Amino acid sequence: MDTEVRSSADRDRPPALDGRAGRSLSAVRQWWRGLGFWQELALLAVICCTVIALVSAFVAQPFLIPSGSMENTVRIGDRVLVDKLAYRFGGAPRRGDVVVFDGTGSFDFRTPPRQNPAAHLVREAFSLVGLANPDGTDYIKRVVGIGGDHVACCDRQGRITVNGHAVTEPYLYPGDTPSQVPFSILVPPGQLWVMGDHRSASSDSRAHLGDPGGGTVPVGKVIGRADWIVWPFDRAGSLRRPPAFDGVPAAPTASTTPAGGAHG
C-alpha cells in the first residue's frame, strides 16, 4: 500500500528537468549569484530598457512635441503616448483623431542628411522613450478628412465643411480662424487630409496643396494615434476624439471637385 501511495504521489509531481536543462539553469543561477551589486543593477537596467524599447517599437511610443502647431491640445515639451496598434487590426483613422505620421513624400521631400551611425542610434533610442525630439519627418496633426471626403473652406460663417457639413471645431487655438487659406479638395482613397489645431502656426495639408499628393498623407504612413498626454503630470490626460465630426455624412460616391484642387 505504501508503495502504491508513493507511486501515485510521484506521478502527480511535475516532470524533473533533464540533465542538460538542469545543468544550464544551475549555471545561470550560479552566474547571477556571482554578479556584484553594480553589475546586477546594470544588467537589470539593460533588461528594462530592452523591454521598454520593444514596447515602444511595436505597441505604444511616447513622442516629444517639438512645436506649437497643435496648441492648445498639445504644447511644446509635452509627451504624448501614441498607440501603434490602433490601426493595425482592421481599424482606420477617423475624422477628429490626432495622429503621428511619417511625412516623407507628402510633407517632407528633402534628401535626408548623412548622419553619424552612432549618434543616430543614440537619438533613436532616446526618441523611443520620449527623451528626444522625434525624427524630422514625423508630424502630429488632426485628421479632418478621410479617403473620399470633400473638404472645403470656408462657408459663410467661416467654418470648414466636410461633405457639405459645416464643422464647428472647439479645439482650435483661441483667436484662430479655421483657415485663412481657401481650399477645396477631394481626398483620394487611402489618403488623409490633416490640419493642426493652431491653424495660424501650422504647416499642414494646406501648405502642401501644390506638392505631389495635394497635401494629403497616405494612411500607410500613419505611425499611430496619439491617445494620452503623459507629461507634464499637471496636463496628463486622454486625447479623446471630439464629437465635432459626428454629424458628417458619408463620403459621396462621386464628385466634380478634382483631387488636389484648390481655390484661391
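This structure is a prediction, so every number in the text was calculated from the model and none was measured.
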If we only count heavy atoms from C-beta on, is the [X] to [Y] side-chain gap below 4.5 Å?
X      : Y      : value
Thr161 : Val151 : no
Arg79  : Ile65  : no
Val144 : Arg95  : no
Met195 : Arg206 : yes
Val230 : Arg235 : no
Ile160 : Trp193 : no
Leu192 : Val187 : no

### Task
Determine yes or no for a side-chain-to-main-chain donor-acceptor pair under 3.5 angstrom, with Asn163 supplying the side chain and Asp149 the backbone.
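Here the side-chain-to-backbone pair does not exist.
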#### Entry: Polar side-chain atom of Ser238 near backbone of Trp228 as donor-acceptor pair, under 3.5 Å
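Such a contact is absent between Ser238 side chain and Trp228 backbone.
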### Message
Any carboxylate oxygen within less than 4.0 angstrom of a Lys/Arg side-chain nitrogen, looking at Arg240 and Asp227?
### Response
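No salt bridge links Arg240 with Asp227.
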According to a 4.5 Å side-chain heavy-atom criterion applied to Ile, Leu, Val, Met, Phe, Trp and Tyr, with indirect links allowed, do [X] and [Y] form part of one hydrophobic cluster?
X      : Y     : result
Val194 : Tyr87 : yes
Ile223 : Met70 : yes
Tyr173 : Val74 : no

### Query
Run the side chain to side chain contact (heavy atoms under 4.5 Å, CB included) check on Tyr139 and Asp204 step by step: do they pass?
CA-CA 9 Å; Tyr139 298 83; Asp204 48 41; over 6 Å; no
Can you name the closest pair of heavy atoms from [X] and [Y] and give their distance?
X      : Y      : result
Ala244 : Pro170 : CB-CD, 4.2 Å
Lys141 : Ser202 : NZ-OG, 3.0 Å
Asp155 : Ala166 : OD2-CB, 3.4 Å
Gly96  : Arg241 : C-CG, 3.7 Å

### Task
Would you list the pairs meeting salt bridge (Lys or Arg N to Asp or Glu O under 4.0 Å) in which at least one residue belongs to residues 167-178, sequence neighbours left out?
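Found Glu169-Arg199.
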Nearest 0.5 Å, please: how far is [atom2] in [Y] from [atom1] in [X]?
X      : Y      : atom1 : atom2 : value
Glu71  : Asp78  : CD    : CG    : 9.0 Å
Trp231 : Leu81  : CH2   : CG    : 15.0 Å
Leu209 : Phe183 : CG    : CZ    : 7.5 Å

### Task
For Tyr171 and Val98, run side chain to side chain contact (heavy atoms under 4.5 Å, CB included): C-alpha distance rounded to whole Å, both residues' side-chain angles, the deciding distance at 0.1 Å, then the answer.
CA-CA 11 Å; Tyr171 44 75; Val98 176; over 6 Å; no
### Query
Which is it for Ser200 and Gln180 under the side chain to side chain contact (heavy atoms under 4.5 Å, CB included) test, yes or no, and what are the steps along the way?
CA-CA 8 Å; Ser200 62; Gln180 294 182 346; 5.7 Å; no
### Worked verdict on Asp102 versus Thr137 for side chain to side chain donor-acceptor pair (under 3.5 Å)
CA-CA 6 Å; Asp102 178 5; Thr137 61; 3.1 Å; yes
### Query
Mind checking what makes salt bridge (charged side-chain N to carboxylate O under 4.0 Å, His left out) contact with Arg142, not counting sequence neighbours?
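Once residues adjacent in sequence are excluded, the partners of Arg142 under the salt bridge (charged side-chain N to carboxylate O under 4.0 Å, His left out) criterion are Asp197.
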### Query
Run the side chain to side chain contact (heavy atoms under 4.5 Å, CB included) check on Val248 and Val167 step by step: do they pass?
CA-CA 8 Å; Val248 174; Val167 179; 4.1 Å; yes
#### Entry: Arg94, CZ atom: more than 12 neighbouring heavy atoms under 6.0 Å
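Counting other residues, nucleotides and ligands, CZ of Arg94 stays at 12 neighbours or fewer.
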Contacts under 3.5 angstrom, residues 210-221 side chains, donor-acceptor by atom type, not counting sequence neighbours:
unit_1	atom_1	unit_2	atom_2	d
Asp211	OD2	His208	ND1	2.7
Thr216	OG1	Gln191	NE2	2.8
Thr216	OG1	Gly213	O	2.7

#### Entry: Sole residue of Ile140, Asp83, Val143, Val82 in side-chain contact (heavy atoms from CB on, under 4.5 Å) with Val99
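Result: among Ile140, Asp83, Val143, Val82, Val143 is the only option passing the side-chain contact (heavy atoms from CB on, under 4.5 Å) with Val99.
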